[in-house]
Amino acid sequence: MEYLKIIAFTHKQIDLKALGKLVICEHTLDDRLRNIQSELNIKEIFYVGTCNRVEFVFTSAAELDKEFISRFLHVLDMGLPEEYMEQFIANVSVYEKVDAFNHLLRTSCSLESLVVGEKEILAQIRKAYEACRIAGFTGDYMRMVMNRVVKTAKEVYTHTNISKNPVSVVSLAYRKLRELTVCANPRLLIIGAGETNKNIAQYLKKHKYSNFSIFNRTIEKAECLAKDLNGKAYPLSALADYDKGFDVIITCTGATEPIITEEVYIKLLNGDTGKKVIVDLAIPNDVAPEVVKNFPMHYIEVESLKETARKNIQERYDELVNAEHIIDENIKEFESVLRQRKIEIAMSDVPKKIKEIKHTAINGVFADEINTLDDNSRAVLERVMDYMEKKCITIPMVMAKEILVKNS
């Protein structure tokens with residue numbers, strides 16, 4: 001791992017808005033990386049760009065000092081003003097050798113993510129690597145690195161609880177909703193068409209919920225979400241007059257006062273006395289306290305979900321020790337794998353040389369003697385030579401690996 005290097009710009013040091021200026025458009029990525037390779041003598045490289053990190057993983061003998069980072073960014077040619085360049089250079093994170101490999105493993109296992117335990121980062125890194133591999137920017141070494149990255153991440157996600165418990169309010173709300181006994185194909189009122197409700201609606205759509213009515217102050221946003229859910233859109237002002245009934249209300253608006261007052265709720269019930277489900281993800285709550293107090297319902301609200309999220313996040317952090325142990329073991333194993341690979345490469349000419357010796361012996365040195373043999377004797381000799389060829393190829397390989405294991 002002597003030449004493995006990483007230049008990283010992440011949410012830990014750089015504002016996300018500024019970080020976005022370093023994200024490379026996929027249409028220009030190949031040209032930019034090709035320039036980096038040729039100008040900075042970099043053999044293999046791949047680029048990872050997400051909403052909270054931009055990283056370059058590459059092999060180079062160069063020292064990652066301020067001069068190299070500056071030249072790297074200038075060759076990248078992102079058209080950044082000089083003050084941004086100075087900010088990025090001052091807040092860059094650099095990793096070399098084993099530290100670089102450790103960082104890549106930690107990142108892939110989501111130990112460096114904004115939300116520890118989220119699995120998306122592994123998929124993002126794999127996709128980024130694959131794009132660069134297809135474009136010819138990586139070779140055998142990065143292939144081995146990525147194989148170990150994937151292996152390690154899968155072990156962490158499988159053998160620890162780092163990703164087991166949901167930590168987003170949306171996923172927790174959906175999980176609570178799923179735990180409740182709700183009638184088949186329930187009538188769902190979605191109040192508010194912002195990101196939170198869009199996200200929870202996607203969970204519902206994915207699990208075949210289909211009876212949606214969407215209310216929003218801006219009817220255009222309600223119509224957009226309704227189209228995605230194959231539901232019906234209404235202006236928020238029409239909520240009090242809605243008389244088609246409901247089984248579940250999911251509400252999240254920016255209102256400063258309750259939207260679902262006792263008067264509005266009675267109208268929505270339209271004489272129905274059954275127990276309903278309300279998921280209230282607004283701060284402050286969209287549902288008036290007297291509604292919760294006076295009517296039968298399962299009430300899921302954001303504060304209780306936040307407390308569960310905090311508990312789950314702490315449990316994920318408690319798993320860091322187990323995840324780091326798996327990473328350390330894989331680093332040790334990978335060092336041995338690399339040494340074996342070096343031997344394989346160094347001895348890759350052995351089979352060719354042995355075959356050449358065999359060919360020279362049969363067709364040159366001993367050609368006259370072999371030509372005097374009868375067919376049966378010649379066949380036996382060829383079997384003997386084939387056996388010797390395989391042994392002469394295999395034995396040096398095995399001995400070299402044994403020596404490697406003894407000396408490691």
Side-chain angles (χ1 to χ4, degrees), residues 16-17 166-180 182 186-205 209-310:
L16 293 181
K17 186 176 181 181
V167 295
S168 77
V169 167
V170 168
S171 59
L172 285 166
Y174 175 73
R175 179 169 287 199
K176 286 237 180 195
L177 179 58
R178 291 281 290 179
E179 288 171 357
L180 298 174
V182 182
R187 297 163 295 173
L188 293 118
L189 303 190
I190 308 288
I191 303 174
E195 285 303 312
T196 298
N197 277 357
K198 283 181 183 177
N199 290 337
I200 199 167
Q202 289 307 312
Y203 278 106
L204 295 166
K205 179 183 176 184
Y209 290 87
S210 58
N211 194 345
F212 294 95
S213 298
I214 296 91
F215 294 82
N216 195 65
R217 292 189 191 281
T218 308
I219 186 64
E220 288 81 11
K221 288 186 177 179
E223 289 170 344
C224 184
L225 183 55
K227 183 179 180 181
D228 185 43
L229 299 174
N230 195 27
K232 293 183 178 179
Y234 302 88
L236 187 59
S237 57
L239 182 64
D241 299 320
Y242 186 78
D243 59 1
K244 294 180 175 59
F246 71 95
D247 299 296
V248 178
I249 291 176
I250 297 171
T251 183
C252 184
T253 73
T256 56
E257 298 293 332
I259 287 177
I260 303 176
T261 61
E262 196 165 7
E263 181 184 358
V264 169
Y265 193 68
I266 290 170
K267 289 183 178 180
L268 288 173
L269 287 172
N270 198 25
D272 191 342
T273 59
K275 194 172 187 178
K276 304 299 182 182
V277 177
I278 298 183
V279 181
D280 188 351
L281 301 181
I283 301 175
N285 293 145
D286 281 338
V287 181
E290 55 269 23
V291 174
V292 179
K293 180 181 177 181
N294 296 332
F295 296 88
M297 68 174 67
H298 295 287
Y299 184 59
I300 301 168
E301 52 89 28
V302 74
E303 279 305 319
S304 63
L305 295 175
K306 280 188 171 182
E307 183 55 38
T308 303
R310 281 192 288 269

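Computed from a predicted model, the values in this text were never measured in an experiment. Counting from 1, the numbers follow the sequence of the chain as shown.
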Rounded to the nearest 0.5 Å, what separates atom [atom1] in [X] from atom [atom2] in [Y]?
X      : Y      : atom1 : atom2 : answer
Ile190 : Ile250 : CD1   : CD1   : 4.0 Å
Leu239 : Arg217 : CG    : CZ    : 10.5 Å
Ile214 : Ile191 : CD1   : CD1   : 11.0 Å
Lys306 : Leu172 : NZ    : CG    : 12.0 Å
Ser171 : Arg178 : OG    : CZ    : 14.0 Å
Glu290 : Ile260 : CD    : CD1   : 12.0 Å

Which heavy atom in [X] sits nearest to a heavy atom in [Y], and how many Å separate them?
X      : Y      : result
Ile219 : Pro235 : CD1-N, 3.4 Å
Pro186 : Asn211 : O-CB, 3.4 Å
Leu281 : Ala173 : CD2-CB, 4.0 Å

Assess whether salt bridge (Lys or Arg N to Asp or Glu O under 4.0 Å) is satisfied between Lys176 and Glu179, documenting all intermediate values.
CA-CA 5 Å; Lys176 286 237 180 195; Glu179 288 171 357; 5.8 Å; no
Backbone N/O of [Y] and side chain of [X]: donor-acceptor pair under 3.5 Å:
X      : Y      : answer
Lys205 : Asp228 : yes
Asn285 : Ala282 : yes
Asp247 : Arg187 : yes
Lys276 : Ile249 : no
Asp280 : Val287 : yes

Is there a side-chain contact between [X] and [Y] in this structure, where contact means two heavy atoms from C-beta onward sitting under 4.5 Å apart?
X      : Y      : answer
Leu180 : Val248 : no
Ile259 : Val264 : no
Tyr265 : Ile278 : yes
Phe246 : Asp272 : no
Phe212 : Leu189 : no

Parallel, tilted or perpendicular for Tyr174 and Tyr209, by the 30°/60° rule?
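Because their plane-to-plane angle is over 60°, the rings of Tyr174 and Tyr209 count as perpendicular.
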Mind checking whether Phe215 and Tyr234 have parallel, tilted or perpendicular rings, split at 30° and 60°?
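Parallel.
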In plain terms, say whether Glu195 and Lys198 are close enough for a salt bridge, that is, a side-chain N and a carboxylate O under 4.0 Å apart.
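Answer for the salt bridge query: yes.
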Salt-bridged, Glu307 to Arg310, with N to O below 4.0 Å?
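Yes, charged N to carboxylate O under 4.0 Å.
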Residue of the set Thr196, Asp286, Asn197 for which side-chain hydrogen bond (donor to acceptor under 3.5 Å, both in side chains) holds with Thr251
Asp286
Evaluate whether atom CD of Glu263 has more than 12 neighbouring non-hydrogen atoms of other residues, nucleotides or ligands under 6.0 angstrom away.
no
Would you mind telling me which of Val302, Val170, Ile300 makes a side-chain contact (heavy atoms from CB on, under 4.5 Å) with Val279?
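With Val279 as partner, Val302, Val170, Ile300 yield a single side-chain contact (heavy atoms from CB on, under 4.5 Å), made by Ile300.
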